[in-house]
Structures are given as structure tokens and as C-alpha cells.
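In the text below, chain A, chain B and the rest are named by the order of the sequence lines, each starting its count at 1.
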Protein chains: 2
Amino acid sequence: MKEIFAGGAPPAPAALAAKVRTLAPSMTRSMQRVAEAVAGDPAGTAALTVTGLAELTGTSEATVVRTARLLGYPGYRDLRLALAGLAAQQQSGRAPAVTADIAVDDPIADVVAKLAYDEQQTLADTAAGLDTVQLGAAVSALAAARRVEVYGVAASGLVAQDLVQKLLRIGQVAHAHSDPHLAVTNAVTLRAKDVAIAITHSGSTGDVIEPLRVAFEHGATTVAITGRPDGLVSQYADHILTTSTARESELRPAAMSSRTSQLLVVDCLFVGVAQRTYETAAPALAASYEALAHRHSPRGGGGSR
Amino acid sequence: MKEIFAGGAPPAPAALAAKVRTLAPSMTRSMQRVAEAVAGDPAGTAALTVTGLAELTGTSEATVVRTARLLGYPGYRDLRLALAGLAAQQQSGRAPAVTADIAVDDPIADVVAKLAYDEQQTLADTAAGLDTVQLGAAVSALAAARRVEVYGVAASGLVAQDLVQKLLRIGQVAHAHSDPHLAVTNAVTLRAKDVAIAITHSGSTGDVIEPLRVAFEHGATTVAITGRPDGLVSQYADHILTTSTARESELRPAAMSSRTSQLLVVDCLFVGVAQRTYETAAPALAASYEALAHRHSPRGGGGSR
DNA sequence: GTCACTCCTGAAAGATATTTTCGGGTCCGG
DNA sequence: CCGGACCCGAAAATATCTTTCAGGAGTGAC
């Protein structure tokens, strides 16, 4: 008894169930029991050792090994590996049922999956819908700017701060405003080489539009990052960057996906500017990194050894 | 603060590459070599025995086993099984599409595509690596909290504010701190039913750890959102939520992906809490939405038609 | 600069798991 | 009823994985 198995077949990848059925007639009773268990529950079987599977099927280790051989594997170890692969495939196969809305009684694992999926979707949409010409123009304006002012309130205010934090790290003069009064008084002082950016999902947030209008009228280059390019804010914007709008629901406020979208746009702006001003940006980034190292404790997992 | 390894995570099925990246900094040199080989070629590695992998990486069997343990598996055998599953998934599934790093002379369209892809990847990794048990525990604590304090500086400070903004909208009493002194003086007043959350990518930001420690010692429930579950911050955390770490580069600072990852975690926390407190959260959300409507101009696209 | 200390590291012993061997048992045909 | 072929599982043999232990490199303190 040497090569019994089907025509020198290589280790079957996924066609295992089929192979079991094909070979079943040529199997002995005990081997059939083993093969059946294997085909019926790959995942469960993959978790078992030879002895375990032997006990489960009421047979012996030897029989299990013989079955594995018959199925085309060098031994049980390899069958088990293939089984694990099969299980993983099946697992991932039936995944994408996450399109549903988040419900009140969703288990926490579903919430994680759905949120992650939605935000991924938002990113894809944003990237697809972003006008690279407008983006390039905005980057050019920023790279040449003497001073940058960013307006945003609530969730968009955080995005504004994020952009400012980044710009500061590459040596740009930037400031974020969430106080509309201060923003306006500041906008009055802007001039031709300056850039003002308004971030508003709705495109109609008065507290943000007003300072942008003032900046616009004082000759600054103005940029709007909004989900509504037809909104009021666009009237005062030289460049409009459109963020995507995902469906919202009671448990998933619009702020969530608009924030994700806005952040991607802001990241693109930052990287674009960093590219254009690489000569000064690179050392500045390095320096800021260096300076922050001291704020971290030297011990306790901080050092990468 | 108990187990050193990643929050007692169950064997990760597909989040292996992410886990490797997350844990890599806390690994020793030899273990990193092993982890690298494993992450780089799951299929090839799955075919090797402990001894084989040890030889391939120029280390010893002991080191291989240690690495497997660190990655959350009981031993090498189980890691190998997971690897086989991963390989099978990759085989059948999508193209990995390894994105190159962002270069200084990349056209703007490439920058957008790469950033979007990287952030999507970060989201997937985070979702896969998030310990839902820890998350559930944190949600429970938050839902029952009398008062919530969130600590974070720099980029993490914005995430902290984002969480607070959300919690406020569903009627929770929450506050964000970026001033370490104020944070500490505030932490002193926390008591048993209160929750303190520290957000730090490095896990070793003193300005954030200190208030968390104080809160911990005063009996508050403490949560750490960090990319380094082995970091100092974990010593004072009742619940540890691990964010994922993407490879960074000169033009793509770590802050970018860690922020994305942190925001996903924060969103999950928020939705979880909103679910648990639906009775009060839903009307509060509706009310805040209503109240904000007046801040938008009635004309010019403000109304949703 | 030196010393003490911690922690990494691999060799080898020890424990498990897998494969092989071997003999009893069963079934069938004569 | 008897002989032969072939299943089958217990146990030995082997391979693989895990644990222990001591040497050694790197690090911080003095």
C-alpha cells in the first residue's frame, strides 16, 4: 500500500468536502466517520488534536492519520492546517451583512463592525469625490501663505484644530477659531497672501460663514471644506473642497462621518503642503518630534528597546 | 494592569498583521525578526515547524514560542493554525495592494488615494484588534457614570474633546482636559461611580498618565485608549482599549493613523453608551439637533430641502 | 570608567502530539 | 467450519512543541 490517493493529487485547498464525497465509497467504516466529521465541521475539527478527533469519532489515532493520508495529505498535521484555512475562508465568506443600520440592541461587536465599515465607506466616497484640481489650488495657496486662519465650530472645530496642529508642526503660521466674534475681528486683518479656511458640514453655519466672508472681502484666499458645495459658504470661497455625506441615523449622527471625511481632506491638505515646502517642513517635523520625546516617560514600555 | 500581553485578547483570526505592528515596539530584537517573518509571509511560515521558523529567522525555538505567546496564542501550534487561515483568506480574498509610501513628488491624486487607503486599513485593523469585552466593560462603566473626565494632549486632546462633545449631546456629564495641572486637581475629586479616560498613542505620555493615576487611586473607574497596551498608562487602567498602529513615514506622521484609530474607538464607546441609555439619550440627541438648527442660515441650501 | 543589575537569548531537558508498528479481531467465500 | 484478507486500535517510536536554566549583552548608577 503506497500511493492510494487520487491520482497523486496535491493537497486539496478548498475542495475538501467534494473530495470526501468522492472518496467515501473507498473508505472503511471508521474512516468514513472521521471524514464525515472533518467535512461537516472544519472549524471545530481544526481545533482538535489527533487524539481528540479519534475520541470524537470513536476511533483511534491511527485511523485518523490513515484518513488524512487518503484525503491526500502527508499526515494529520497538514490536514489540520488545511482545515484551519478552510474554516477561515468560510468565516470571511459570510461577513458583509453590515450594511444594516445600527440598532439599539446590536451587540457591541456588531457596532464596531458597522461603524468601521461605514467610516471606511465614507473615506472611499470622499477620496472618489474630491476634486484634485481644487485641492491642488488650495495646497498652493496654503504653501505660499503668510498666515492661515481656520474657522470651525463644534465637531468641525476639532477638525480645524487638527489642521492647525499639523500646519504648526511644519512651521506654518496658523490659528483656529471657534469663537465667531474673535474670528471676525481677526479676519478683518487678513490680506492678499493670507489664507482663510472654513469648515462646515452643512455649508450654512453662520458662525463660520461670516468670518470667511470678511476674509474674502479683504482679499484673502478663501477655502471651504463642506459637504454642501451649493451651500451659502461657497459664495465666499475661492476653492471648494467637498466632503462626502453618509446616511445618518438616530444612533449614528451625521457628525461622525462628516468628521471622518473632513479629516481626510485636511490630511490631504497637510501632506500636500508638506510636499511643496519640503525643504523647511522636513526639518521642522523632525524637530517637533525630537522636542516631544522628552514628554514621554523613559521607562515602562516607552522605549522601543 | 494585570496581564502584560494585549488585554488577554483571544486568538486573533485576521488581525494578525495589525497585532504585529501594535506589539512590535514592545518586542525584543529576536522576537521582532520572528514577528516580521510571520507577518510578511503567513503562507510560507505556516508551512514551517518551530525549528524551521527558528532557523529561518536565525533565532531559537524558545524565541519563536515566546513570540507566539506575545501575539496572544497559547503556543506556536495555534499561531501556525491561525497563519494557515490567514494565508487561505489572502489567497482567495482580495489583492493586498501594498501601497508604497508617500513620496515628496507624488502627484496630489496619489496622495489622496494613498491616504484614504491607509486610513481605511487603519480602521479595519482597529476594528479587528479591538477587544469587545474590554469595550463592553468600558461602555457599562460610562453608562453608569456620574461624571466622566477625559485626558488627552495634542492630537489625542482633540479626540478627547470629540468624545466629550458626543457624551454631552446625550446628557452625560463630561469634560476634557489638556492642561495636566488642572486635570490632576480635577482627578482628585473623582470617586467610585466616576469614570476617567486617558487617551495616549504612546502609552507613556506623562501629562496624561498622571491624572489617570490620581483618578485610579481615588477609586474611579479608569480606561486607557492607547496604541501600546504594555505602556505605563495601562498600570492605572481598569479597562484597556487598544488602538492600531500603522507604519509611519516622514510625510505621514504616526499621529494621523493613531487619530483615525482613536476616533473609531471613541465612536464605538459613544454608540455603546447611547444604546445603554437609549431612554434618555434619544430625546437628548433630538433636542440638541433641534437646538442647532437655528444656528444655520435658513436660505442658501441650509435646509435639507 | 567600572560595577551591579536586569533582561534577552539559545541549549537542552521535558512534555505533547503525531506517526508507525504490530497483533488481535472480523467478515466473507468456500 | 476453515482460511485468508483486511480493518482496527493499543502501544511503541518518532517528531514536534514547551519549559527550564544559565550564560551574556546591554544599561543605568556611582
Side-chain angles (χ1 to χ4, degrees), chain A residues 1-5 11 23-38 44-84 293-294 296-305, chain B residues 4-5 11 23-38 44-84 204 228 230-232:
Chain A
M1 67 86 94
K2 7 233 77 154
E3 325 294 274
I4 301 278
F5 55 87
L23 295 173
S26 66
M27 287 183 185
T28 67
R29 263 190 309 280
S30 329
M31 286 168 91
Q32 280 185 19
R33 278 214 302 282
V34 176
E36 206 171 307
V38 163
T45 314
L48 293 172
T49 130
V50 219
T51 315
L53 183 53
E55 278 181 13
L56 179 72
T57 58
T59 63
S60 67
E61 291 99 323
T63 301
V64 172
V65 172
R66 277 191 281 261
T67 308
R69 291 265 163 77
L70 193 76
L71 290 174
Y73 300 92
Y76 175 69
R77 206 188 311 277
D78 299 79
L79 169 62
R80 196 176 168 187
L81 243 44
L83 242 34
H294 302 293
H296 299 299
S297 322
R299 293 205 57 247
S304 59
R305 166 130 312 256
Chain B
I4 297 292
F5 56 86
L23 266 45
S26 66
M27 288 183 185
T28 65
R29 263 190 308 278
S30 333
M31 287 167 93
Q32 280 185 19
R33 278 212 301 282
V34 176
E36 208 170 304
V38 162
T45 313
L48 294 171
T49 105
V50 219
T51 316
L53 184 54
E55 278 180 12
L56 178 74
T57 56
T59 62
S60 68
E61 291 98 326
T63 301
V64 172
V65 173
R66 275 192 282 261
T67 308
R69 290 264 165 75
L70 194 76
L71 290 174
Y73 301 91
Y76 176 69
R77 204 186 311 275
D78 300 80
L79 168 62
R80 199 177 164 187
L81 241 44
L83 241 34
S204 58
R228 295 285 301 274
D230 62 330
L232 197 56

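Look at A/Arg29 and you won't find any side-chain N or O under 4.0 angstrom from OP1 or OP2 of C/dT26. In terms of phosphate contacts, A/Thr28 brings no side-chain nitrogen or oxygen within less than 4.0 Å of OP1 or OP2 of D/dC7. At the phosphate of D/dC8, neither OP1 nor OP2 sits under 4.0 Å from any side-chain N or O atom of A/Thr63. Contact check, A/Ser60 against D/dG9: a side-chain N or O comes under 4.0 Å of OP1 or OP2. OP1 or OP2 of C/dT9 lies within a sub-4.0 Å distance of a side-chain N or O belonging to B/Ser30.
The side chain of B/Thr49 lies closest to D/dC17 when the candidates are C/dC8, D/dC7, D/dC17. Checked against D/dG9, D/dC17, C/dA17, the side chain of A/Val50 finds its nearest nucleotide in C/dA17. Closest to the side chain of A/Ala62, out of C/dT21, C/dG10, D/dT16, is C/dT21. Checking D/dG9, C/dT18, C/dT9 against every side-chain atom of A/Tyr76, the shortest atom distance belongs to C/dT18. You'll find that the side chain of B/Arg69 is closest to D/dT18, out of D/dC8, D/dT16, D/dT18. Closest contact between the side chain of A/Arg77 and the listed nucleotides C/dT20, C/dT9, D/dT16 involves D/dT16.
Side chains of B/Ser30 and B/Thr28: a donor-acceptor N/O pair is absent below 3.5 angstrom, by distance only.
Atom CZ in B/Arg66 sits roughly 10 Å away from atom C1' in D/dT19 (whole-Å rounding). The interatomic distance linking B/Leu48 (CG) with D/dA15 (P) rounds to 18 Å, in whole Å.
B/Leu70 and B/Met27 make their closest contact through CD2-CG, 3.4 Å (heavy atoms, listed as atom of the first residue, atom of the second, distance).
Looking at heavy-atom distances under 4.0 Å, B/Gly52 makes no contact with the nucleic acid at all.
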